[in-house]
Amino acid sequence: MRKNPHQRTSPARDGALRVLIAVDKEGAYANLALQNIRADLKLGADDLALLTELVYGTLRMRGTIDWVIDCFSSTPVSKMSHAVRNIVRLGVYQLLFLDRIPPWAACNEAVEQAKRWRLAGLAGFVNGLLRSIARKREEISHPDPDVDPLSHISVKYSHPAWLVERWLNRYGKEETIALCRANNKPAPLVIRCNTLKITPQELQQQLERENVIARFSMLVPEGLVTNLSSLAELRLFQEGYFAVQDESSMIASLVLNPAPGSFVIDACSGPGGKTTHMAQIMQNRGRILALDVHSHRLELVAKACKRMGVSIVEPKLMDVRELPFQLQEKADYILVDVPCSGLGVIRRRPDLRWRVKPEDLPQHARQQLEILKSASRCLAAGGILVYSTCTTEPEENTGVIRQFLEECKDFQPEDLSLRLPFPLVWEEDKVTARSGFLQLFPHRHGTDGFFVACLRKTIKGG
Ligand SMILES: C[S@@+](CC[C@H](N)C(=O)[O-])C[C@H]1O[C@@H](n2cnc3c(N)ncnc32)[C@H](O)[C@@H]1O
């Protein structure tokens with residue numbers, strides 16, 4: 001990421017601009033770029049909060065912001081340089097979405113930023129553009145919802161048109177809007193109590209002593225929904241009393257429900273959220289072979305196990321598509337938590353909606369089927385396999401499962417309603433759960449978008 005060598009006037013805005021340019025120009029991941037900047041700038045709490053708000057907010061509302069800029073600017077946003085484009089985006093975000101920042105401050109800061117980025121010649125353009133948006137912001141309108149619902153939703157709720165089109169075809173107008181709205185709300189920080197060390201009730205009390213309000217999850221018994229945005233500094237975290245994990249993601253291990261003393265293969269384990277959860281469910285008895293193809297991800301598994309006091313996990317660097325013969329038909333349980341587009345976690349990672357392209361989905365699906373087929377060979381007869389993703393898109397979910405069941409006749413869907421830790425409310429969920437799968441959504445279930453399917457390997461002649 002390019003460093004701004006110039007004088008700092010507003011460190012949060014400067015930091016935000018650097019992150020936005022890195023995301024836009026270099027394809028950096030916003031969360032990682034933000035982490036680096038945070039470490040670099042050493043800001044106070046208020047500035048840190050503003051920095052995060054500016055980065056995530058501008059990325060989240062980028063679709064709406066770009067539409068507004070194009071309504072007012074003689075140069076389309078796509079033709080602007082990375083620096084100018086993001087200075088203007090940041091300014092428009094503050095003008096339209098941050099009531100607490102006076103319009104003059106947003107405009108002046110943008111002009112200063114243009115100067116600091118050696119764009120003094122364009123400072124007048126930036127100033128004129130932002131001031132006319134500020135002046136006429138009440139007149140801004142979106143595409144007509146009756147004439148062009150796709151563009152209306154895409155612009156008003158800031159989602160790429162290709163994704164809105166898919167959802168409109170699948171869910172209709174009202175649900176698509178509800179999903180987009182939910183994706184635009186920052187997600188709460190959910191934690192998983194480490195039941196190897198503490199009960200959820202005791203954890204809640206201890207958190208209270210640290211001024212953290214945590215309510216019990218309605219979906220998972222070990223889940224607590226907190227009021228904070230980061231808990232990594234807490235002693236309770238460092239000493240392994242909890243892990244940060246969304247409720248939806250906890251459901252995968254709960255559905256698999258590996259018995260204490262059994263042999264489990266976690267086919268795609270890094271960074272170990274579900275591995276350590278399974279170890280909890282197994283009361284730290286038995287064996288979990290935790291595979292991952294990336295060593296840095298595997299290191300995170302080992303680190304998570306150490307922090308949480310888990311001793312039954314064997315991390316192993318391996319491409320699950322090249323499993324050794326010795327593992328065939330050996331595992332009692334297999335978790336296949338595949339790499340995916342991540343379109344279910346848009347509310348946590350606002351840059352993702354602009355990063356994923358429609359052509360990525362069939363590529364993910366091909367890889368997911370390969371991983372699933374290979375991992376499934378390690379399951380013993382009568383064993384249980386859970387396949388999961390954090391995406392809403394059918395080709396990565398039901399598409400992969402259908403194809404798998406077509407090709408692997410010794411697997412059958414397992415009734416999920418008997419394995420879920422919470423009662424199902426939606427009729428559609430009740431039907432799909434009986435067929436072995438469940439799709440969770442932020443707007444319906446209040447969780448990340450998540451897919452889980454449960455299959456059993458039939459016993460030959462059984
Ligand atoms: C969705 S993440 C898993 C998250 C993990 N289960 C958790 O709960 O923390 C997918 C993981 O699969 C790994 N992966 C991708 N391709 C793989 C392959 N062919 N074999 C093994 N692991 C793979 C990635 O490195 C990544 O860590």
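Along the sequence shown, the residues carry numbers beginning at 1. Counting starts at 1 for both ligands and their atoms, in listed order.
Between F451 and Y387, the ring-plane angle classifies as perpendicular under the 30° and 60° cut-offs. The aromatic rings of W167 and Y171 lie tilted to each other, with the angle between the two planes from 30° to 60°. Using bins of under 30°, 30° to 60° and over 60° for the plane-to-plane angle, the ring pair H152/H142 lands in the perpendicular bin.
Summary of contacts: the protein heavy atom closest to atom 17 (C) of ligand 1 is V293 CG1, 3.5 Å. Of the protein's heavy atoms, G270 O, 3.1 Å lies nearest to atom 3 (C) of ligand 1. Shortest contact from atom 20 (N) of ligand 1 to any protein heavy atom: V320 N, 2.9 Å. In terms of protein heavy-atom proximity, atom 13 (C) of ligand 1 is nearest to D292 OD2, 3.2 Å. The protein non-hydrogen atom at the shortest distance from atom 8 (O) of ligand 1 is K274 NZ, 3.0 Å. The nearest heavy-atom contact from the protein to atom 9 (O) of ligand 1 is G273 N, 2.9 Å. Looking from atom 10 (C) of ligand 1 to the surrounding protein, the closest heavy atom is D337 O, 3.6 Å.
Residue R297 holds the heavy atom nearest to atom 2 (S) of ligand 1 of all those in H296, R297, H294.
Taking a 6.0 Å sphere around CG of N169, one finds it holds more than 12 heavy atoms contributed by other residues, nucleotides or ligands. When the shell of 6.0 Å around CD of E174 is examined, it contains 12 or fewer heavy atoms from other residues, nucleotides or ligands.
Contact atoms of ligand 1 toward S269: 5 (C), 6 (N), 7 (C), 9 (O) (distance under 4.0 Å to a heavy atom of the residue). Residue contact check: D319 has heavy atoms under 4.0 Å from atoms 18 (C), 19 (N), 20 (N) of ligand 1. Against a heavy-atom cut-off of under 4.0 Å, A267 is close to the following atoms of ligand 1: 21 (C), 22 (N). With ligand atoms numbered from 1 in the order given, ligand 1 contributes 19 (N) to contacts under 4.0 Å with heavy atoms of R321. Within the listing of ligand 1, atoms 9 (O) sit less than 4.0 angstrom from a heavy atom of G272.
Proximity of M318 to ligand 1, defined as any heavy-atom pair under 4.0 Å, is confined to the backbone N, CA, C and O atoms.
Of the polar atoms of V338, none of the N or O atoms is found under 3.5 Å from an N or O of ligand 1, judged by distance alone. Geometrically, ligand 1 and D266 share no nitrogen or oxygen pair separated by less than 3.5 Å. In terms of N/O distances under 3.5 Å, ligand 1 is not approached by I371. In terms of polar-atom proximity, defined here as any N/O pair under 3.5 Å, P339 makes no such contact with ligand 1.
Look at K457 and E329 and you find a salt bridge, because one of the NZ, NE, NH1 or NH2 atoms lies within 4.0 Å of a carboxylate O, short of that distance.
Under the 3.5 Å distance criterion, with hydrogens and angles disregarded, no donor-acceptor pair is assigned to the side chains of T389 and E396. There is no side-chain donor-acceptor pair under 3.5 Å between T458 and Q412. A side-chain donor from one of S311 and N284 sits under 3.5 Å from a side-chain acceptor of the other.
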Using the ring pair (Phe, Tyr, Trp, His ring centres under 6.0 Å) rule, take H443 and F441 through it: C-alpha gap first, then chi angles, then the decisive distance, then the call. CA-CA 6 Å; H443 67 295; F441 293 98; 5.3 Å; yes
Test side-chain contact (heavy atoms from CB on, under 4.5 Å) on F450 and Q439; report intermediate values, then the result. CA-CA 6 Å; F450 196 84; Q439 176 71 63; 5.6 Å; no
